[in-house]
Undergrad: 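Sharing a structure here in structure tokens format.
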Number of protein chains: 2
Amino acid sequence: MNRPAFRNWQTVQEEVLRRIHAREWKPGDLIPNEADLAEEFGCARATVNRALRTVAESGLLDRRRKAGTRVALQPVAKATIDISLIRQEIEARGQKYGYQLISRSLQEPPAQISGALQVPTTRMLHLSALHLANDAPYAVEDRWINTATVPTALSETFDTISGNEWLLANAPYTHGEIAFSAAAATKEEARLLGCPLHAAVFVIDRLTWDHAASVTKVRLIFAPGHQLRTTL
Amino acid sequence: MNRPAFRNWQTVQEEVLRRIHAREWKPGDLIPNEADLAEEFGCARATVNRALRTVAESGLLDRRRKAGTRVALQPVAKATIDISLIRQEIEARGQKYGYQLISRSLQEPPAQISGALQVPTTRMLHLSALHLANDAPYAVEDRWINTATVPTALSETFDTISGNEWLLANAPYTHGEIAFSAAAATKEEARLLGCPLHAAVFVIDRLTWDHAASVTKVRLIFAPGHQLRTTL
DNA sequence: AGAATTATTATGTACATACATAAAATCATT
DNA sequence: AATGATTTTATGTATGTACATAATAATTCT
């Protein structure tokens, strides 16, 4: 019997995935422990561990100490979405990027905004801008910046660089929340995007934090037809 | 000098993140190599490697052999979205799940569908169903199943179990594509969801494959107001 | 029987060492 | 100076051993 050599963790991972897909290991099944698999595959336990850990991260395996490793009953597909700069997104598609500042003002935010950012109702920096791809409207950016956290934003005009880009370079964040939804274009959004009033638009809302301090809240409204795609 | 003990990879990771956030290591900077960091932190190189690898996976570091590790110039935020069963999604929020089959038929798909699934224009199984949360319409499921890949689907009525759930249990897939977008509700969708015609609805399109064979193409149309949320 | 304690076990990880690999840097050659 | 071969170097990973940790199983005590 010529035992195939599973000598690196990728190979072991492929074999594990094959067995799951081929239903040799069925959903809910307890699979052999690391030590046994290591012996079977002719490699070290650490190698098996690395492979199984990676598969578990993708959601196909459930692992618990002492209880062992079992094939997930209801595998939760995990879609990873790369949130890059809008400029990069457009340039990556070989299109020309354009940016246009619509308004910049210091004003008191609506309760909904100041609540989300958890700041007392002081005046904040509000930006409205338009991103263009090949001169066509691509997305409207509506942003509030917490000037208590990022005071340097007050001395930036934002007429050539987007809030998006300036903040990434000047205001680090530790974590954040993001939400995707659909909305009907408001009058202002429709005007900027050149689409009918109440057209269905794709919206991304993002809120970022630097430790306990809120940094910015941004709403991106994409022109009709926009899709956010990824692989599973 | 009492050197703090960074004795496990999580602690090392936290320190690395701290230095990046504190701009001790600035975007674009080359950071010390693994061996040096291991000495500084008083741990093994493998421990530093695990920490740096994890941070790199999150997009904050760029690593290349021989070239070393540097802080990402434009960190690409990665949002991971868990795609679970609609039933689980609803039950996880403590709501009652309901399911209603609208139609089930064998028919020749429109060119757009058969093209995406890369099958000759044979008859395919088409399902239309409604998912409910606390008896209120939650999402419309419009699904095409490739009966060449999943012949057993032909003997399932789908009147009590959704295509979503049945396929997960009976038709494994190796990979897939997913797209998020906004659309105006069609007449039929508006009727089922109980919303105005052309209301802005959130849409998820998914296409799954088992190796080279297409499995299913599904379009989920969510009731107005639906949000898909995650953390950054 | 039920509760508290202890033993067992599978995963999780740290470490030292060794070698693989990719890419940059250097050197030799034309 | 351009080209090609060689060396160097930082990351990538495999291995054996050791111990940590969490959760289950078994045991003891009340």
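Just so you know, these numbers come straight off a predicted model, no measurement behind them.
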Undergrad: Walk along DNA chain C from 5' to 3' and tell me the first and last nucleotide with an atom closer than 4.0 Å to a non-hydrogen atom of chain A.
TA: dT8(C) to dT13(C)
Undergrad: Could you tell me how far apart Glu39(B) (CD) and dA10(D) (P) are, to the nearest whole angstrom?
TA: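 Spelled out: CD on Glu39(B) to P on dA10(D) is 14 Å.
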Undergrad: State which residues pass ring pair (Phe, Tyr, Trp, His ring centres under 6.0 Å) with Phe222(B); sequence neighbours excluded, sorted by chain then number.
TA: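 So Phe222(B) forms a ring pair (Phe, Tyr, Trp, His ring centres under 6.0 Å) with Tyr138(B), His226(B).
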Undergrad: Strictly below 4.0 Å, heavy-atom distances to any atom of DNA chain D: list the hits from residues 29-36 of chain A, or just say none.
TA: none
Undergrad: Given that Arg45(A) and Trp9(A) both sit by DNA chain D, which one's nearest nucleotide is further toward the 5' end?
TA: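 With Arg45(A) and Trp9(A) compared, the 5'-side residue is Trp9(A).
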Undergrad: Can you tell me which residue pairs pass the ring pair (Phe, Tyr, Trp, His ring centres under 6.0 Å) test with a partner in residues 45-71 of chain A, sequence neighbours excluded?
TA: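 Found none.
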Undergrad: Extract all donor-acceptor atom pairs below 3.5 Å that involve side chains of residues 47-59 of chain B and protein atoms in other chains or at least two apart in sequence.
TA:
unit_1   : atom_1 : unit_2   : atom_2 : d
Asn49(B) : ND2    : Glu34(B) : OE2    : 2.9
Thr54(B) : OG1    : Arg50(B) : O      : 2.7
Ser58(B) : OG     : Val55(B) : O      : 2.8

Undergrad: Check every strand shown and say whether Arg50(B) touches a base, only sugar-phosphate, or nothing at a heavy-atom separation below 4.0 Å.
TA: sugar-phosphate
Undergrad: Considering residues at least two apart in sequence or located in another chain, which fulfil the ring pair (Phe, Tyr, Trp, His ring centres under 6.0 Å) criterion with Trp9(A)?
TA: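 Scan of Trp9(A) (ring pair (Phe, Tyr, Trp, His ring centres under 6.0 Å), adjacent residues dropped) gives none.
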Undergrad: Does Ala212(A) have any side-chain contact (heavy atoms from CB on, under 4.5 Å) partners at least two apart in sequence or in another chain, and if so, which?
TA: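 side-chain contact (heavy atoms from CB on, under 4.5 Å) check on Ala212(A) returns nothing, list empty.
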Undergrad: Could you name each residue pair satisfying salt bridge (Lys or Arg N to Asp or Glu O under 4.0 Å) that touches residues 66-88 of chain B, not counting sequence neighbours?
TA: Arg87(B)-Glu91(B), Arg87(B)-Glu165(B)
Undergrad: Could you work out, with side-chain contact (heavy atoms from CB on, under 4.5 Å) as the rule, every residue matching Arg19(A), not counting sequence neighbours?
TA: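 In terms of side-chain contact (heavy atoms from CB on, under 4.5 Å), with neighbours along the sequence ignored, Arg19(A) is linked to Glu15(A), Glu24(A), Trp25(A), Leu37(A), Glu40(A), Phe41(A).
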Undergrad: Pairs in or reaching into residues 76-100 of chain B: which pass ring pair (Phe, Tyr, Trp, His ring centres under 6.0 Å), with residues at least two apart or in two chains?
TA: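 Sorted pair list: Tyr97(B)-His131(B), Tyr99(B)-His131(B).
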Undergrad: Heavy-atom contacts under 4.0 Å between residues 52-73 of chain A and DNA chain C, which residues?
TA: Arg63(A), Arg64(A), Arg65(A), Lys66(A), Gly68(A), Thr69(A)
Undergrad: Is it true that the side chains of Arg104(B) and Thr157(B) contain a donor and an acceptor less than 3.5 Å apart?
TA: no
Undergrad: Applying side-chain contact (heavy atoms from CB on, under 4.5 Å), can you list everything that pairs with Ala46(A), at least two apart in sequence or on another chain?
TA: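 Testing Ala46(A) for side-chain contact (heavy atoms from CB on, under 4.5 Å), a comparison that skips the adjacent residues, returns none.
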